Amino acid sequence: MTRTSESLAPASPRQNLKMPMASAGLALALPAALVLIFLYAVPLAHLFARSFEGESGMSLAAYERILGDSYGRLLIWNSLGLGLVTTGLTLIIGYPAAFGLAFSKGALRSLFLASLFLPLAASVIVKAFAWSILLRSHGVVNETLMFLHLTNAPIRMIFTQVSLISGSANIFLPFMILPIYAVVAQIDPVLAEAAATLGASPVQAFLRVVVPLTLPGVVAGVALVFSLSVSAYVVPTLLMGENYPTLATAIAKAFLLTRDPALGSAAGAILVFIGLFVVVSSHRLGERSSGG
Amino acid sequence: MKSASIRFLMQAVMAGAALFLIAPLIVIAAVSLSPSPVFDLPTGGASLRWYGAVASLDSFWPALTLSLEIALLSTTISLVVGTFAGIAIARRAMPGAQILAASLTSPLMMPGLVLGIALLQYFRALGVTQTWPELLLAPVVVTLPFVARTMIAGLSRFDFALLDAARTLGCDFSSSIYRVMVPALAPAYLTAALFSFLASMDNYPVSIFLTDARSKTLPIKMLQYIEESPDPSIAALSTLILIATLASSYRRPRDRPAPSRRTGGVKKQWVW
């Protein structure tokens, strides 16, 4: 249904129009291509070039200062840790939640969707601050735990990894649920019934028919949440402060405080490598999961 | 029976996730009603004094205006540029359409902070020193992926033969666009514009490097305020923004016939 015009007229007048079509297409794509080249590709290439700048000409000094130093490796490790744990946690919550959203109808569905979209309207800064209030020694979470007798004394959560991970999951969860939901909503429920007719148990039907169909959404969600959380700046700054230095906080410090652009550029280039790895591998995985 | 309970379980997970996501927003709304000058949950009574204080947050108004201007302009630029590219990609009207589509969405996965420092050094190298154009151009890169993604999806579901049909029925080219394509794509435009606007408004990591002492955007001002003197006025401001977002996403259903004035309006529903 989506491509009626193309399937009805496979090779007729379109063929003659190929040349003007191609040039019209290029003209339409030109502004976007210019934006991408001059505000994205060239600045990033420039950043790469700056990261190799040393006292005298080309140098790997800035990279050595990060990769050859235990503090520098801690920065990378902390960034990757934040990204991986946030991605894992949001996937565990988000995957069933996306199905729960797809199964809901009417007012309940609107309510769920609102809970996913509305937080985007509040600044990350204010949300992170509000989250730290919830986790305070006499905050709502601790009071609830004590009321339920799960703990006798308040647990220190603020400025710990508990607050960092829960806050990060809180902020990035919509970016996991929405791409998975977009795919789940398109799955024809008849497929699971067909699998059942062909003798599959509900578990088999789910694992062998439904799960593979959701993979493009999972790849998109994982790539998005990982790349957002691995480079998050506001979240670790407000929820852990100096106790959890990451590449992102090191970049900000290098540019805003210590005026060390070579070091900041090198840390930035490492984050770009991580980002490029995510873009390329998610593209590959996305192609494979939607093609196979 | 069994599949019904699995469904219920997944809905319960979603309900839990919804509660988890809304919790900080409830805290923000509650703090905004606090009578005490500390950014904390209210104890003993509620007060609206911080909503009054919002109006007198002198330093916030220039920041809010600046952020709104930038968000409106960069969203408009992204919508135009992204729609054009979306048409070229959805119609496969050019070589390398898939590569363009992939690169258009890739800034989403690039760290904002890195884009910020890359643009800072790039603008300095070019000799650009004015803050305003820098602050305007930077969010275009951030908002374009949202627009491109939504518009490619919307346009690939749009049947371009409808334009030919409209012209057969007597529309000229521009009115066929205006009367057929624009209404059909209105939901995609709305989603793209909303995402792009919000992404630009809350863009801290890119713009932190491009601001100077005189022009600070709203998120930068907010972080500064929270670190220096967190009082509930910032919660009041956020609550007002949340209410405005809720109000703007509450509208009449689009695909039902327009209500006649005599029978009254149709029931309103959420856009999502």
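The model shown is predicted, which means the values in this text are computed figures rather than measured ones. Below, chain A is the first sequence line, B the second, and so on; all start at residue 1.
- Looking at B:Leu120, only its side chain comes within 4.5 Å of chain A, counting heavy atoms on both sides.
- Contact of B:Ile22 with chain A is made through the side chain alone, with heavy-atom distances under 4.5 Å.
- With chain B as partner, the option from A:Gly275, A:Pro119, A:Ala27 having the largest number of non-hydrogen pairs under 4.5 angstrom is A:Pro119.
- Proximity to chain B (any heavy atom under 4.5 Å) is shown, for A:Leu247, by neither the backbone nor the side chain.
- For the set A:Leu256, A:Leu34, A:Val278, A:Ile171, the count of heavy-atom pairs under 4.5 angstrom toward chain B peaks at A:Leu256.
- The contact between A:Phe38 and chain B is made by backbone and side chain atoms together, counting heavy-atom distances below 4.5 Å.
- Between chain B and the options A:Pro96, A:Ala98, A:Ala102, A:Gly268, heavy-atom pairs under 4.5 Å are most frequent for A:Pro96.
- For B:Ser106, the parts lying under 4.5 angstrom from a heavy atom of chain A are both the backbone and the side chain.
- The neighbour count for B:Phe84 CZ, taken as heavy atoms of other residues, nucleotides or ligands under 6.0 Å away, does not exceed 12.
- For B:Leu223, the parts lying near chain A are the backbone and the side chain together; criterion is any non-hydrogen pair under 4.5 Å.
- For B:Ala125, the part lying under 4.5 angstrom from a heavy atom of chain A is the side chain only.
- Heavy atoms closer than 4.5 Å to chain B are found in the side chain of A:Val234, but not in its backbone.
- Aromatic rings of B:Tyr122 and A:Tyr40 (six-membered ring for Trp) have centroids beyond the 6.0 Å cut-off, not under it.
- When A:Ala45, A:Ala107, A:Ala128, A:Ala130 are compared by the number of non-hydrogen pairs under 4.5 Å with chain B, A:Ala130 comes out ahead.
- For the set A:Ile274, A:Ile93, A:Ile251, the entry with the most heavy-atom pairs within less than 4.5 Å of chain B is A:Ile251.
- Note on A:Phe112, A:Trp131, A:Phe226, A:Tyr233: by heavy-atom pairs under 4.5 Å with chain B, the leading option is A:Phe112.
- Contact of B:Leu198 with chain A is made through the side chain alone, with heavy-atom distances under 4.5 Å.
- Contact of B:Leu137 with chain A is made through backbone and side chain together, with heavy-atom distances under 4.5 Å.
- For A:Leu271, the parts lying near chain B are the backbone and the side chain together; criterion is any non-hydrogen pair under 4.5 Å.
- Remark: B:Ile99 CD1 is loosely packed, at most 12 non-hydrogen atoms of other residues, nucleotides or ligands lying under 6.0 Å away.
- Heavy atoms of A:Leu39 lying under 4.5 Å from chain B belong to its backbone as well as its side chain.
- Heavy-atom distances place no part of B:Pro205 under 4.5 Å from chain A, backbone and side chain included.
- Residue A:Ile133 touches chain B through its side chain alone, counting heavy-atom pairs closer than 4.5 Å.
- The choice from B:Ser103, B:Ala97, B:Gly16 that makes the most heavy-atom pairs within less than 4.5 Å of chain A is B:Ser103.
- The distance from the CD1 atom of A:Ile125 to the CD1 atom of B:Ile234 is 7.5 Å, given to the nearest 0.5 Å.
- Both the backbone and the side chain of A:Leu276 come within contact range of chain B, with heavy atoms under 4.5 Å apart.
- Only the side chain of B:Phe123 comes within contact range of chain A, with heavy atoms under 4.5 Å apart.
- Contacts of B:Phe20 with chain A are made by both backbone and side-chain atoms, with heavy-atom separations under 4.5 Å.
- By the salt bridge (Lys or Arg N to Asp or Glu O under 4.0 Å) test, A:Arg50 pairs with A:Glu53, sequence neighbours left out.
- Between B:Gln121 and A:Phe255 there is a side-chain heavy-atom pair separated by less than 4.5 Å.
- Here the rule is side-chain contact (heavy atoms from CB on, under 4.5 Å) with A:Leu36, and of B:Val81, B:Leu104, B:Val141 only B:Leu104 fits it.
- Judged by distance alone, with hydrogens and angles left aside, the side-chain atoms of B:Asp202 form no donor-acceptor pair with the main-chain N or O of A:Leu120 at under 3.5 Å.
- Remark: A:Asp260 pairs with A:Arg65 by the salt bridge (Lys or Arg N to Asp or Glu O under 4.0 Å) rule, at least two apart or across chains.
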